Chemist: 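A single structure is presented below for examination.
Here is how names work: the chains are called A, B, and so on, in the same order as the sequence lines, proteins then strands, and each is numbered from 1. These numbers come from a predicted model, not from an experiment.
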There are 2 protein chains.
Amino acid sequence: MNQKNEIVNKLRTSGLRPTKQRVLIAKSLFDSDKTFHFTVETLNKKINKNGVTKVSLATIYNTVEAFTSAGYLKEILTSKNKSYYDTNIKSHHHFYDEGSKELTDIRYSQIRLSKIPTPPKGKKIKNLEVVIRIQK
Amino acid sequence: MNQKNEIVNKLRTSGLRPTKQRVLIAKSLFDSDKTFHFTVETLNKKINKNGVTKVSLATIYNTVEAFTSAGYLKEILTSKNKSYYDTNIKSHHHFYDEGSKELTDIRYSQIRLSKIPTPPKGKKIKNLEVVIRIQK
DNA sequence: TTCTAGTTTATAATAATTCTAAACTAGAAA
DNA sequence: TTTCTAGTTTAGAATTATTATAAACTAGAA
Ligand SMILES: [Mn+2]
Ligand SMILES: [Mn+2]
Ligand SMILES: [Zn+2]
Ligand SMILES: [Zn+2]
């Protein structure tokens with residue numbers, strides 16, 4: 001019950017009520033030591049496996065959105081027509097395999113940018129992402 | 001009619017019949033000396049302005065897809081739920097303004113990568129894109 | 001225990017895109 | 001020049017991902 005308390009506190013910190021649905025989803029997302037990429041579709045399958053609906057699809061959408069706003073998830077832009085999310089919220093980059101449509105992390109330090117442009121006037125850089133598309 | 005011939009040849013080269021719809025769209029996309037970014041929605045408005053339908057929406061989708069496959073357009077991955085395309089097919093990078101959802105080109109030489117990772121075994125790099133997200 | 005704002009849920013609605021299949025046409029061949 | 005047909009266009013239906021709606025539920029403060 002210790003990890004559960006951590007999750008409950010994490011949610012409370014962001015003004016999110018720790019409902020049983022959110023706690024369940026948070027466990028599924030943040031409990032492992034390894035981070036991963038997912039879509040709402042894959043998360044839904046993970047949560048509601050073998051025909052047992054534990055959390056409605058609407059709530060999965062709502063929760064992913066809430067966790068993203070709270071900064072617990074990052075949205076990744078790769079494939080059209082489907083949103084990908086990342087439980088790794090540290091600044092990092094990606095390989096995107098065009099064949100399998102799979103994302104792989106590239107640690108921040110694995111790419112060095114020795115020259116970057118200044119943003120347009122009045123705008124500042126929010127983040128910088130490198131996507132390296134790969135194929136066979 | 002010279003530019004039209006160029007377009008007709010360009011299409012023929014890729015095995016695309018130069019129909020009047022394709023030629024019209026190609027003119028709209030490739031005639032200017034400056035490149036630009038667009039969505040199917042904005043292209044549709046440009047082609048079919050003031051309520052006069054010159055080309056059906058289905059054909060606009062088909063043609064953008066055909067031109068992209070032929071290498072005359074590049075798809076850009078930025079926003080979820082909508083595909084962006086680029087008439088600039090040279091290797092380059094982008095600013096993406098989160099507020100206005102607008103893309104701006106960054107010339108290839110404006111970013112220098114002094115260290116990039118080796119791709120997973122059996123895979124090779126198809127391209128590398130940097131997106132710098134900016135905001136006020 | 002009561003109360004209510006926040007949350008969940010089924011379901012409808014929307015938006016972008018893709019599919020379908022019938023009508024049309026570019027252009028090779030007769 | 002006309003014929004022929006594979007490739008193309010088109011309206012509309014279908015699909016997919018996502019968002020909106022509004023009624024039922026619940027966490028947790030009082
Ligand atoms: Mn879509
Ligand atoms: Mn969508
Ligand atoms: Zn990642
Ligand atoms: Zn561009």
Chemist: Could you give the CD-to-P distance, from A:E65 to D:dT19, as a whole number of Å?
Modeler: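 It works out to 7 Å between those atoms.
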Chemist: Under 4.0 Å between a Lys/Arg side-chain N and an Asp/Glu carboxylate O for A:E6 and A:K10?
Modeler: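 The answer is no: the pair does not qualify as a salt bridge.
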Chemist: Check the distance between C:dT7's C1' and A:L11's CG and give it to me in whole angstrom.
Modeler: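 From A:L11 CG to C:dT7 C1': 13 Å.
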Chemist: Please report the distance, rounded to the nearest Å, between NZ in B:K54 and C1' in D:dT9.
Modeler: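 Going from NZ in B:K54 over to C1' in D:dT9 covers 17 Å.
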Chemist: Between P on C:dA10 and CG on A:N44, what's the gap in Å once rounded to a whole number?
Modeler: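 Going from CG in A:N44 over to P in C:dA10 covers 11 Å.
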Chemist: A:Y85 and A:H37: ring-ring contact (aromatic ring centres under 6.0 Å, His included), yes or no, with the steps?
Modeler: CA-CA 6 Å; A:Y85 297 89; A:H37 308 109; over 10 Å; no
Chemist: Indicate whether OP1 or OP2 belonging to D:dT10 is found under 4.0 Å from a side-chain N or O atom of B:T59.
Modeler: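 So the side-chain polar atoms of B:T59 do come within 4.0 Å of the phosphate oxygens OP1 or OP2 of D:dT10, strictly under.
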Chemist: In this structure, which one of A:V55, A:I7, A:L11 forms a side chain to side chain contact (heavy atoms under 4.5 Å, CB included) with A:R22?
Modeler: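 Going through the options one by one, the only one that passes is A:L11.
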Chemist: Once rounded to the nearest 0.5 Å, what's the spacing between atom CG of B:N62 and atom CD of B:Q21?
Modeler: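 Rounded to the nearest 0.5 Å, the CG-CD separation comes to 10.5 Å.
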Chemist: So what does the secondary structure string of DNA chain D come out as, 5' to 3', with Watson-Crick or wobble pairs under 3.5 angstrom, [ ] for crossing and | for pairs with another strand?
Modeler: ||||||||||||||||||||||||||||||
Chemist: Please figure out whether B:T53 or B:R22 has its closest DNA chain D nucleotide nearer the 5' end.
Modeler: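 Nearer the 5' end of the strand: B:R22.
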Chemist: In whole angstroms, how far is the C1' atom of C:dT17 from the NZ atom of A:K82?
Modeler: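 Those two atoms, NZ and C1', are 14 Å apart.
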Chemist: Check this one for me: any side-chain N or O of B:Y61 less than 4.0 Å away from OP1 or OP2 of C:dT18?
Modeler: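 Checking C:dT18 against B:Y61, no side-chain N or O comes under 4.0 Å of OP1 or OP2.
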Chemist: At under 4.0 Å between heavy atoms, how does the protein contact nucleotides 20-30 of chain C? Give one character per nucleotide, 5' to 3', with B, S or -.
Modeler: -----BBS---
Chemist: Of the nucleotides D:dA11, D:dA17, C:dT9, which one has an atom closest to the side chain of B:S56?
Modeler: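 When the side chain of B:S56 is considered, D:dA11 is the closest of D:dA11, D:dA17, C:dT9.
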Chemist: When the ring planes of A:F38 and A:F36 are compared, do they come out parallel, tilted or perpendicular, using 30° and 60° as the limits?
Modeler: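 Because their plane-to-plane angle lies in the 30° to 60° range, the rings of A:F38 and A:F36 count as tilted.
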Chemist: How close or far is atom C1' of D:dT8 from atom CD1 of B:I60, stated in whole angstroms?
Modeler: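 Rounding to the nearest Å, CD1 of B:I60 and C1' of D:dT8 are 15 Å apart.
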Chemist: Could you walk me through whether A:Y96 and A:I134 satisfy the side-chain contact (heavy atoms from CB on, under 4.5 Å) test, starting with their C-alpha distance in whole Å, then the side-chain angles of each, then the deciding distance to 0.1 Å, before giving a yes or no?
Modeler: CA-CA 6 Å; A:Y96 181 63; A:I134 55 178; over 6 Å; no
Chemist: Does A:S83 place a side-chain N or O at less than 4.0 Å from the phosphate oxygens OP1/OP2 of D:dT18?
Modeler: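 A:S83 to D:dT18 OP1/OP2: side-chain N or O found under 4.0 Å.
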Chemist: To the nearest Å, how far apart are B:L16 CG and D:dT8 P?
Modeler: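 Roughly 7 Å, once rounded to whole Å.
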Chemist: Which ring-ring contact (aromatic ring centres under 6.0 Å, His included) pairs, counting each pair once, include a residue from residues 43-76 of chain A, with sequence neighbours left out?
Modeler: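 For residues 43-76 of chain A: A:F30-A:F67.
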Chemist: Taking atom P of D:dA17 as reference, at what distance in whole Å does atom CG of A:L57 sit?
Modeler: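 From A:L57 CG to D:dA17 P: 10 Å.
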Chemist: Return the CZ to CD distance between A:R112 and A:Q110, rounded to the nearest 0.5 Å.
Modeler: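 One finds 10.0 Å between CZ of A:R112 and CD of A:Q110.
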Chemist: Do A:I111 and A:I132 touch side chain to side chain, with heavy atoms closer than 4.5 Å?
Modeler: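 Yes, close enough: below the 4.5 Å cut-off.
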